Number of protein chains: 2
Amino acid sequence: MPAYEQIKRYVIRRITEGDWKPGGLIPSETELVKEFGVARMTVSRALRELTSERVLTRVQGSGTFVAPQRYESTVLEIRNIADEIAARGHRHSARVLTLEPSDDPQALEALGLSSGPAFHSCIVHSEEGEPIQYEDRYVNPKVFPEYLQQDFTIETPNHYMVRLAPIQRAEFRIYAQKPDAYVRRHLSMEIGEPCLQLWRRTWVGDDAATSVQLWHPASRFHLAGNV
Amino acid sequence: MPAYEQIKRYVIRRITEGDWKPGGLIPSETELVKEFGVARMTVSRALRELTSERVLTRVQGSGTFVAPQRYESTVLEIRNIADEIAARGHRHSARVLTLEPSDDPQALEALGLSSGPAFHSCIVHSEEGEPIQYEDRYVNPKVFPEYLQQDFTIETPNHYMVRLAPIQRAEFRIYAQKPDAYVRRHLSMEIGEPCLQLWRRTWVGDDAATSVQLWHPASRFHLAGNV
DNA sequence: AAGTGGTCTAGACCACAGG
DNA sequence: CTGTGGTCTAGACCACTTA
C-alpha cells in the first residue's frame, strides 16, 4: 500500500478512535514527516486528499483540523431526522422494532461483506407523536462493532455513527413508492398513499459503513436542499 | 492561479468545446509537461484531481481518457433529461404543449419579478417513445430574453439555459405526489400511481433564472447521485 | 522494448497566521 | 520572527499495457 494511503488510514483511525476530536488540531505536516519518515510531499498529498473528502479542514498559517460535522440537507449531507425535527421546534421520539444480527444476503452484499452477520435495526421516528420515518438499516460490524449495544431511543443511529466515524462519501437513490402493509401500518398511512423512499449507503475509508432504507409518508414529508 | 489549476481548466475547456470526446484518449503526462513547461508532478496532480472528480479515467500502461457520461446525479448537478436518456443509449423525444408569456402571480413571485410577464413552457419528455417527465417551467425574461423563440424539440430548455448562462446555485424540493388528471394523462400513468416530483429554482448571479416543476412516473423513474 | 501512469524524494520559495 | 500550509521542481524507480 502506498505511503500516502497508509497515512490517510492512520489519520482516519485516530479520528474514529476518538484521539483526535472534530474541530481539533492534528499534527503538522512536519511532525507527520518525522513520524512516518517520508517526504513532505507525501504527507501533503494524504492530508490534501482527506481535505477534499471533507474529513479535515486546513488553514494556511495555522494548521490542520478535524472537520466539524455539518448538517445541511437530507439529501446532500448526512442529516439526522431528530435534528431536523428539533430545528422545527418539535419533539422527536423513536421506537425500536428490531435490533439484532442478520445474515440477509442482500444486506451483506450491499455492505461488501463476504460473511455475516451484519447488524440490523428497524426504527420508527415520530414528530410530536406522529410517525414520519421508518428506518430499516444494516450496519457493518467492522466499522461499528458496538452498534447492537446502543439505546436508539436516546440517540439516533445516524447521530451515533456520525459521532464515531468520519463519513467520506454517500450514494443515494430516491423513489416514490407504495409501502408494504407492514411499513404502512407503522407509519399510520392510508391505503394508496405513496411513500417518499430514500436509499443511502455511506462509506468510511474503503468500507461501506451502513446501508439504509428510509420510508416517509408522502403527505407529511419532503426532501429539500440547495447546491 | 496555480499551474495545476490552469491545466485542469485547460482540460475541461478542451472537453466542453468538444475537442476531446467522452471515451477518447487525451495527451499523455509527458506531452502536457512539454506543452505547459512544468514538472511532471504538476501535470500529474491536475489529472489525478480531475480523475477523482470523475472528469477523466486513467489506465496505467495505456493512457488518460475523458470519462464517459454519468447517469447518476440528477439532484445535485443541473442535469439534462436528454443527456441522461442518451447515456442509457436510448432515444429522447420532446413534445411542446405550451410556450408563451404568462402573468401567473405565483410564478412571478418565485422568480422575484415585480411585473410580468414571465415565460412559460410545458414539455413532455419521452424515452424510446414512453413519457418519462412532465416539465412545467417558468423563465425569467431578463436572463433569457429569447426563450420563446427556441425550438425545444431539438434542444431541451435545460440544455439551452446551461449553454447560455452559468448556473451558480440551485434550490430543490422533492415530493412523492399524486399527479392531477392532466399530468397523469400526458405521462400515460394509471390512476393511483404516484409521481416523483422535483421542484427546482436556479440562480444566475442575483437573478432567479428559472423555476421548474418536474413530474416523473414513479414506476419508471428515480433520482440517484452521490456526495 | 517503449510508452504509460503511480509513487516518491529532497530540496525550494511563497503566503499567511500568531506571538 | 517562527511555524504553518500551498505549490513546484527535476529527477527516480516501479507496474502495467501494447506492440
Side-chain angles (χ1 to χ4, degrees), chain A residues 1-15 19-70 166 168-169 203 205-207, chain B residues 1-15 19-68 70:
Chain A
M1 188 190 300
Y4 76 89
E5 189 61 41
Q6 291 180 42
I7 297 170
K8 285 177 71 172
R9 295 192 185 213
Y10 169 79
V11 171
I12 288 173
R13 198 172 64 246
R14 294 298 294 263
I15 296 172
D19 302 328
W20 298 343
K21 309 275 184 206
L25 188 65
I26 77 165
S28 71
E29 292 192 350
T30 319
E31 291 173 286
L32 291 171
V33 160
K34 280 183 209 147
E35 187 165 343
F36 283 90
V38 297
R40 193 183 145 215
M41 272 293 273
T42 304
V43 170
S44 176
R45 172 169 177 183
L47 299 185
R48 187 178 352 111
E49 292 191 1
L50 287 173
T51 302
S52 84
E53 292 162 24
R54 301 197 258 182
V55 173
L56 302 175
T57 59
R58 316 191 77 186
V59 182
Q60 192 173 133
S62 46
T64 303
F65 305 83
V66 179
Q69 283 296 341
R70 282 172 315 173
Q168 287 167 303
R169 193 164 66 80
W203 300 77
D206 288 333
D207 296 315
Chain B
M1 188 190 299
Y4 77 90
E5 188 61 40
Q6 291 179 42
I7 296 171
K8 285 177 71 172
R9 295 192 185 210
Y10 169 80
V11 171
I12 287 174
R13 197 171 65 246
R14 294 298 294 265
I15 295 172
D19 301 328
W20 298 343
K21 309 270 185 214
L25 189 65
I26 77 165
S28 71
E29 292 192 350
T30 321
E31 291 172 287
L32 291 171
V33 161
K34 279 182 208 147
E35 189 165 340
F36 282 89
V38 297
R40 193 183 144 216
M41 271 293 273
T42 305
V43 170
S44 176
R45 172 170 177 183
L47 299 185
R48 184 174 0 108
E49 291 191 1
L50 287 173
T51 302
S52 84
E53 293 162 23
R54 303 203 226 183
V55 172
L56 302 175
T57 60
R58 315 191 76 184
V59 183
Q60 191 174 134
S62 52
T64 303
F65 305 83
V66 179
R70 284 177 290 164

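Because the structure is a prediction, the values reported are computed rather than measured. Below, chain A is the first sequence line, B the second, and so on; all start at residue 1.
With rounding to whole Å, Leu25(A) atom CG is found 16 Å from dA17(C) atom P. Atom CG in Leu50(A) sits about 13 Å away from atom P in dG5(D), given to the nearest Å. Between the CZ atom of Phe65(A) and the P atom of dA17(C) there is a distance of 12 Å, given to the nearest Å. Rounding to whole angstrom units, CD1 of residue Ile7(B) and C1' of dT7(D) are separated by 12 Å. Taking atom CZ of residue Arg45(A) and atom P of nucleotide dG5(D), one finds them 18 Å apart after rounding to whole Å. Summarising the geometry, the separation between NZ on Lys34(A) and P on dA10(C) is reported as 16 Å, rounded to the nearest angstrom. Between Met41(A) atom CE and dC14(C) atom P the separation is 18 Å, expressed in whole Å. Between the CZ atom of Arg48(A) and the P atom of dG5(D) there is a distance of 13 Å, given to the nearest Å.
Comparing dT9(C), dT7(C), dT7(D) against the side chain of Pro2(A) picks out dT7(C) as the nearest. Nearest to the side chain of Ala3(B), among dC8(C), dC8(D), dT7(C), sits dC8(D). Picking from dT7(C), dT9(D), dC8(D) the nucleotide with the shortest atom distance to the side chain of Tyr4(B) gives dC8(D).
Rounding to the nearest 0.5 Å gives a distance of 5.0 Å between CH2 of Trp20(B) and CZ of Arg14(B).
In this structure, the side chain to side chain donor-acceptor pair (under 3.5 Å) partners of Arg58(A), at least two apart in sequence or on a different chain, are Glu29(A), Thr64(A). Not counting sequence neighbours, the partners of Arg45(B) by the side chain to side chain donor-acceptor pair (under 3.5 Å) test are Tyr4(B), Glu49(B). Residues satisfying the ring-ring contact (aromatic ring centres under 6.0 Å, His included) criterion with Phe36(A), sequence neighbours excluded, are Tyr10(A). Scored by the side chain to side chain donor-acceptor pair (under 3.5 Å) test, Ser28(B) finds Glu31(B) as partners (sequence neighbours excluded).
Each ring pair (Phe, Tyr, Trp, His ring centres under 6.0 Å) pair with one or both residues in residues 41-62 of chain A, not counting sequence neighbours, would appear here, but there are none.
A 4.5 Å side-chain heavy-atom check between Ile15(A) and Leu56(A) finds at least one atom pair inside the cut-off.
When the side-chain nitrogen and oxygen atoms of Ser44(A) are compared with OP1 and OP2 of dT7(D), none of them lie within a distance under 4.0 Å.
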Might you list the N or O atoms of the protein lying below 3.5 Å from N or O atoms in nucleotides 2-5 of chain C, with each pair's distance?
unit_1: dG3(C); atom_1: N2; unit_2: Gly61(B); atom_2: O; d: 3.0
unit_1: dT4(C); atom_1: OP1; unit_2: Ser28(B); atom_2: OG; d: 3.4
unit_1: dT4(C); atom_1: O2; unit_2: Gly61(B); atom_2: N; d: 3.2
unit_1: dG5(C); atom_1: OP1; unit_2: Thr64(B); atom_2: OG1; d: 2.9
unit_1: dG5(C); atom_1: OP2; unit_2: Glu29(B); atom_2: N; d: 2.9
unit_1: dG5(C); atom_1: N7; unit_2: Arg40(B); atom_2: NH2; d: 3.3

